[in-house]
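Beneath this line is the structure, given in C-alpha cells, with notes to follow.
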Amino acid sequence: MKSISELEEILVAGLGIYRDKRNTLSAVASCNEQLDGVSVTLAALLHRLLLDQYDDWPKHRWIDDSLLHKVLVAGNTVSIWGVMIWGDGGTTEQYTDPFYVELTCRPDLSGFTRYTFLFADVDNPAITYTCFNNNRWYWDKDFYSDVTWPVTERDWKYSIHRHS
C-alpha cells in the first residue's frame, strides 16, 4: 500500500496536465476518461486518509474507485465532485457515497499547497451501487439546489484538511 505522500505525488502528476484548462469538465456519466487514473488515485488517497484520521472508518472497509462527475479548474486549484465506491471486507457488495475534493497545486506542480476532502453525507446514508446505477445523478444533480453544486448544502461526515 502506498503512503499518503506517494499518493499525493501521483495525484499532482495526474492533475498537472489539466491545470491550465481553466474550465469545467463534465460528461453524461463521468469525467473519468478525461482524467485517466485520477479516480483510482483519489480513492486510494481517501482510503489512507480515513484510516489514519478516523477511528470510525473500519480497517476492513475498502474503497475501490471513484466516479468524477464534475471537475472545475481555476488557476492552480482543481475542484472535483463525485462518488466513491466502497465495500466491507469479506463481501462483494458495493456502496456509494458522495465526495468533494479541492486541491491547490504549487505553481511548479511539485506538490500541493493544500487540499480539502469532504466525504459521505450524514443525512443521506450510503446506497448500494446497484441503486446508484439506476440513478447515476442521485448524489449530485438530483441533490443540489442549483448547477454550481454548493458543497455547503451537505452535512459531510468526514472532513479532511491538509496543508504543506
Side-chain angles (χ1 to χ4, degrees), residues 1-16 30-32 35 37-73 76-106 110-133 135-145 148-164:
M1 184 180 284
K2 294 195 182 304
S3 71
I4 290 172
S5 60
E6 288 172 318
L7 291 167
E8 289 171 346
E9 288 175 24
I10 294 168
L11 190 54
V12 167
L15 291 172
S30 74
C31 301
N32 289 46
L35 291 166
V38 169
S39 66
V40 172
T41 306
L42 282 172
L45 178 59
L46 177 61
H47 187 239
R48 286 302 308 259
L49 291 166
L50 289 169
L51 287 172
D52 283 2
Q53 296 184 24
Y54 286 92
D55 292 334
D56 68 338
W57 183 261
K59 303 277 186 235
H60 65 275
R61 189 164 285 167
W62 45 267
I63 298 180
D64 183 49
D65 199 357
S66 64
L67 299 173
L68 313 179
H69 283 186
K70 181 178 176 182
V71 179
L72 178 64
V73 180
N76 291 340
T77 300
V78 179
S79 302
I80 301 172
W81 292 256
V83 175
M84 286 288 167
I85 303 165
W86 60 270
D88 286 315
T91 71
T92 57
E93 184 72 60
Q94 294 179 319
Y95 299 91
T96 64
D97 267 307
F99 79 91
Y100 170 79
V101 63
E102 184 175 290
L103 312 111
T104 301
C105 300
R106 291 186 187 111
S110 62
F112 294 109
T113 57
R114 66 173 183 81
Y115 63 87
T116 298
F117 231 125
L118 305 174
F119 174 62
D121 187 328
V122 170
D123 301 322
N124 296 287
I127 61 171
T128 65
Y129 185 80
T130 303
C131 289
F132 169 75
N133 213 23
N135 179 5
R136 296 188 65 85
W137 296 112
Y138 176 83
W139 292 116
D140 12 41
K141 274 194 341 192
D142 290 349
F143 176 86
Y144 291 112
S145 63
T148 63
W149 297 3
V151 297
T152 56
E153 291 184 2
R154 285 192 193 282
D155 184 8
W156 296 96
K157 183 173 183 177
Y158 302 101
S159 181
I160 300 165
H161 306 276
R162 290 190 40 109
H163 301 272
S164 61

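As the structure is a computational prediction, the values presented were derived from the model and not from experiment. Keep in mind that the numbers below use all heavy atoms, side chains included, and drop hydrogens, waters and symmetry copies.
You'll find the side chain of Leu7 reaches within 4.5 Å of the side chain of Arg48, heavy atoms only. In this structure, Asn76 and Arg106 have side chains that are not in contact, with every pair of non-hydrogen atoms separated by 4.5 Å or more. Using a 4.5 Å heavy-atom cutoff, the side chains of Lys157 and Tyr54 are not in contact. Side chains of Phe117 and Phe99 form a contact here, defined as non-hydrogen atoms less than 4.5 Å apart. Between Leu49 and Tyr158 the shortest side-chain heavy-atom distance does not fall below 4.5 Å. Looking at heavy atoms from C-beta onward, Phe119 lies in side-chain contact with Met84 at the 4.5 angstrom threshold. Side chains of Leu50 and Ile160 form a contact here, defined as non-hydrogen atoms less than 4.5 Å apart.
No hydrogens or angles considered: nothing links the side chains of Thr130 and Thr128 as a donor-acceptor pair under 3.5 Å. Counting only N and O atoms by type, the side chains of Glu102 and Tyr100 include a donor and acceptor under 3.5 Å apart.
Panel note: side chain Trp139, backbone Asp121; no donor-acceptor pair is recorded below 3.5 Å. The backbone N or O of Trp81 sits nowhere less than 3.5 Å from a side-chain atom of Trp149 that would complete a donor-acceptor pair. Thr41 places no side-chain N or O within 3.5 Å of a backbone atom of Leu11 that could act as its donor or acceptor partner. At distances below 3.5 Å, at least one donor-acceptor pair connects side-chain atoms of His47 with backbone N or O atoms of Arg61. Using a distance-only test at 3.5 Å, with no hydrogens or angles considered, a donor-acceptor pair links the side chain of Glu153 to the main chain of Ser145. Between the Trp62 side chain and the Asp88 main chain, a donor and an acceptor come within less than 3.5 Å of each other.
The structure places CD of Glu8 at 11.0 Å from SG of Cys105, a figure rounded to the nearest 0.5 Å. Taking OH from Tyr115 and CD1 from Ile80, the interatomic distance works out to 12.5 Å, rounded to the nearest 0.5 Å. Of the inter-residue distances, the one linking Ile4 atom CD1 with Glu6 atom CD reads 11.0 Å to the nearest 0.5 angstrom. To the nearest 0.5 Å, atom CG of residue Asp140 and atom CG of residue Leu67 are 9.5 Å apart.
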Quiz item: Does the side-chain hydrogen bond (donor to acceptor under 3.5 Å, both in side chains) test come out yes or no for Ser39 and Ser66, once each step is laid out?
Solution: CA-CA 5 Å; Ser39 66; Ser66 64; 4.5 Å; no
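Looking at Leu68, Asp97, Asp65, Thr96 one by one, the single match for side-chain contact (heavy atoms from CB on, under 4.5 Å) with Val83 turns out to be Thr96.
More than 12 heavy atoms of other residues, nucleotides or ligands sit less than 6.0 Å from atom CG of Asp123.
Closest approach of Ile85 to Tyr129, counting heavy atoms only: CD1-CE1, 3.8 Å. For Val151 against Trp156, the heavy-atom pair with the smallest separation is O-NE1, 2.9 Å. Scanning both residues, Lys59 and Leu51, for their nearest heavy atoms gives NZ-O, 3.7 Å.
For the pair Arg162 and Phe112, the NZ or CZ position fails the cation-pi test of under 6.0 Å to the six-membered ring centre and within 45 degrees of the ring normal.
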